[in-house]
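Everything on this sheet refers to the single structure shown next.
What you are looking at is a predicted structure, and each value in this text was computed from that prediction instead of being measured. Position 1 is the first residue of the sequence; numbering continues from there.
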Amino acid sequence: MAQHQVLFVSHGGGPLPLLGDTQHQELVEQLQGIVPRVQKPQAILVISAHWEAATPTVTTAKHPGLLYDYFGFPPESYKIQYPAQGHPEFAHHVLETLAEHNIPAASDDQRRLDHGVFVPLKLMYPEADIPVVQVSLKHNLDPQQHIELGKALAAITHENLLILGSGFSFHNMRAFFQPRMLKPKGVIWLLKIG
């Protein structure tokens, strides 16, 4: 099995970490502090809490652009730029690896990178000089299916790959703000690498 660097990080509240919000200062410092402790990757594969699809889906665009998937923030939050390139060849390798592990998957050459991708990466690698591919979660958030997805992603062969889980161990905001809900859906990513 391939050995990859794997990180699971919180990306904070929408674009606030990038807007100088004082309540996000510790998060900003932690994300920036990770970078000197890991080898600079040649590619980054991100699984964000902000993209769910019927089947795992992989971005295949060469220039994916950004998706400002938040509402009610200052105008400058909709002008944030992170011009990271996609990596279509690597994306197709991800799709092939999922197929080898009997995980049906789809490709999407129109999907832009959501804030669960560009917020942490802009803090960690502001030069945007590392190609980025994103993989969706499944709509059903079934834990066992996501564990199998994680195992398949761990088997990807790519030199110096960073796999980044972006969200929080709990990311069901409707349930978070409704304490009467006793069993919120959520996914905790557990990847055994190497």
Side-chain angles (χ1 to χ4, degrees), residues 1-11 15 17-18 31-32 34-69 79-138 145-146 148-167 187 189 191-194:
M1 183 176 291
Q3 294 225 347
H4 306 300
Q5 300 179 104
V6 180
L7 296 172
F8 182 64
V9 301
S10 172
H11 56 253
L18 301 178
L31 289 174
Q32 292 172 338
I34 289 170
V35 176
R37 300 187 336 222
V38 297
Q39 182 180 4
K40 185 174 180 179
Q42 293 180 0
I44 302 174
L45 181 67
V46 184
I47 304 94
S48 162
H50 290 282
W51 186 20
E52 298 173 11
T55 185
T57 305
V58 180
T59 59
T60 56
K62 186 168 185 176
H63 306 283
L66 302 185
L67 175 62
Y68 304 106
D69 56 333
K79 297 176 182 172
I80 293 169
Q81 296 296 309
Y82 191 71
Q85 299 293 307
H87 196 325
E89 298 83 10
F90 173 60
H92 288 290
H93 174 62
V94 172
L95 289 162
E96 290 168 3
T97 303
L98 294 177
E100 290 167 5
H101 286 79
N102 299 313
I103 297 177
S107 64
D108 188 334
D109 65 358
Q110 300 299 306
R111 170 76 184 190
R112 294 171 287 154
L113 304 175
D114 62 59
H115 79 273
V117 178
F118 69 79
V119 168
L121 291 184
K122 190 168 178 70
L123 292 167
M124 295 169 68
Y125 300 105
E127 302 84 9
D129 59 349
I130 304 169
V132 178
V133 171
Q134 184 175 0
V135 178
S136 76
L137 297 170
K138 288 189 68 173
Q145 290 179 14
H146 285 88
E148 294 306 315
L149 176 61
K151 288 178 180 177
L153 295 177
I156 291 170
T157 55
H158 190 282
E159 188 175 339
N160 196 13
L161 174 66
L162 170 61
I163 300 176
L164 183 70
S166 174
V187 175
W189 280 84
L191 297 178
K192 183 178 180 183
I193 305 297

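Side chain of Thr57 to backbone of Ser136: no donor-acceptor contact under 3.5 angstrom is found. Within the 3.5 Å criterion, the main-chain N or O of Lys138 finds a donor-acceptor partner in the side chain of His146. Not a single donor-acceptor pair under 3.5 Å links the side chain of His93 to the backbone N or O of Glu89. Judged by distance alone, the side chain of His4 and the main-chain N or O of Ile156 form a donor-acceptor pair under 3.5 Å. In this structure, Thr55 contributes its side chain and Pro104 its backbone to a donor-acceptor pair below 3.5 Å. At least one donor-acceptor pair closer than 3.5 Å links the side chain of Ser166 to the backbone N or O of Gly116.
Considering all non-hydrogen atoms of both residues, Leu95 and Ala105 come closest at CD2-CB, 3.8 Å. Of all heavy-atom pairs spanning Leu123 and Gln32, the tightest one is O-CG, 3.4 Å. Nearest heavy-atom pair, Ile163 versus Leu153, reported as atom, atom and distance to 0.1 Å: CD1-O, 3.9 Å. Pairing each heavy atom of Val135 with each of Val58, the nearest pair is CG2-CG2, 4.2 Å. Residues Ala152 and Thr97 share a closest heavy-atom pair of O-CG2, 3.5 Å. The two residues Leu164 and Pro120 have their closest heavy-atom pair at CD2-CG, 4.5 Å.
Note that the CZ atom of Arg111 and the OG1 atom of Thr59 stand 9.0 Å from one another [nearest 0.5 Å]. Atom-to-atom distance recorded for His87:NE2 and Leu161:CG is 9.5 Å, nearest 0.5 angstrom.
Between Leu45 and His158 there is no side-chain heavy-atom pair separated by less than 4.5 Å. For the pair Val132/Pro64, no side-chain contact is recorded, criterion being any heavy-atom separation below 4.5 Å from C-beta on. Side chains of Leu31 and Val9 form a contact here, defined as non-hydrogen atoms less than 4.5 Å apart. At a threshold of 4.5 Å between non-hydrogen side-chain atoms, the residues Leu113 and Leu121 do not count as touching. Looking only at side-chain heavy atoms (C-beta outward), Gln5 and Asn160 come within less than 4.5 Å of each other.
By the salt bridge (Lys or Arg N to Asp or Glu O under 4.0 Å) test, Arg112 is found to be paired with no residue, residues two or more places apart in sequence or in another chain being considered. In this view, Asp108 satisfies the salt bridge (Lys or Arg N to Asp or Glu O under 4.0 Å) rule with no residue, not counting sequence neighbours. Listed by chain and residue number, Asp129 satisfy the salt bridge (Lys or Arg N to Asp or Glu O under 4.0 Å) test with Lys40 (two or more places apart in sequence, or in another chain). Judged as a side chain to side chain donor-acceptor pair (under 3.5 Å), and not counting sequence neighbours, Gln42 has no contacts. The salt bridge (Lys or Arg N to Asp or Glu O under 4.0 Å) check on Glu148 picks up Lys151, with sequence neighbours excluded.
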*Run the numbers on Leu67 and Trp51 for side-chain contact (heavy atoms from CB on, under 4.5 Å), then give the verdict.*
CA-CA 11 Å; Leu67 175 62; Trp51 186 20; over 6 Å; no
_Run the side-chain contact (heavy atoms from CB on, under 4.5 Å) test on His63 and Gln85 for me, step by step, so that the C-alpha distance in whole Å, both residues' side-chain angles and the decisive distance to 0.1 Å come before the verdict._
CA-CA 5 Å; His63 306 283; Gln85 299 293 307; 2.8 Å; yes
*Might you work through the side-chain contact (heavy atoms from CB on, under 4.5 Å) test for Val117 and His50, ending with a clear yes or no?*
CA-CA 9 Å; Val117 178; His50 290 282; over 6 Å; no
*Asp109 vs Lys62, side-chain contact (heavy atoms from CB on, under 4.5 Å): CA-CA, chis, key distance, verdict*: CA-CA 8 Å; Asp109 65 358; Lys62 186 168 185 176; over 6 Å; no
*Yes or no on side chain to side chain donor-acceptor pair (under 3.5 Å) for Ser48 and His115, after CA distance, side-chain angles and deciding distance?*
CA-CA 8 Å; Ser48 162; His115 79 273; over 6 Å; no
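Applying the side-chain hydrogen bond (donor to acceptor under 3.5 Å, both in side chains) rule to pairs touching residues 117-128 yields nothing, sequence neighbours excluded.
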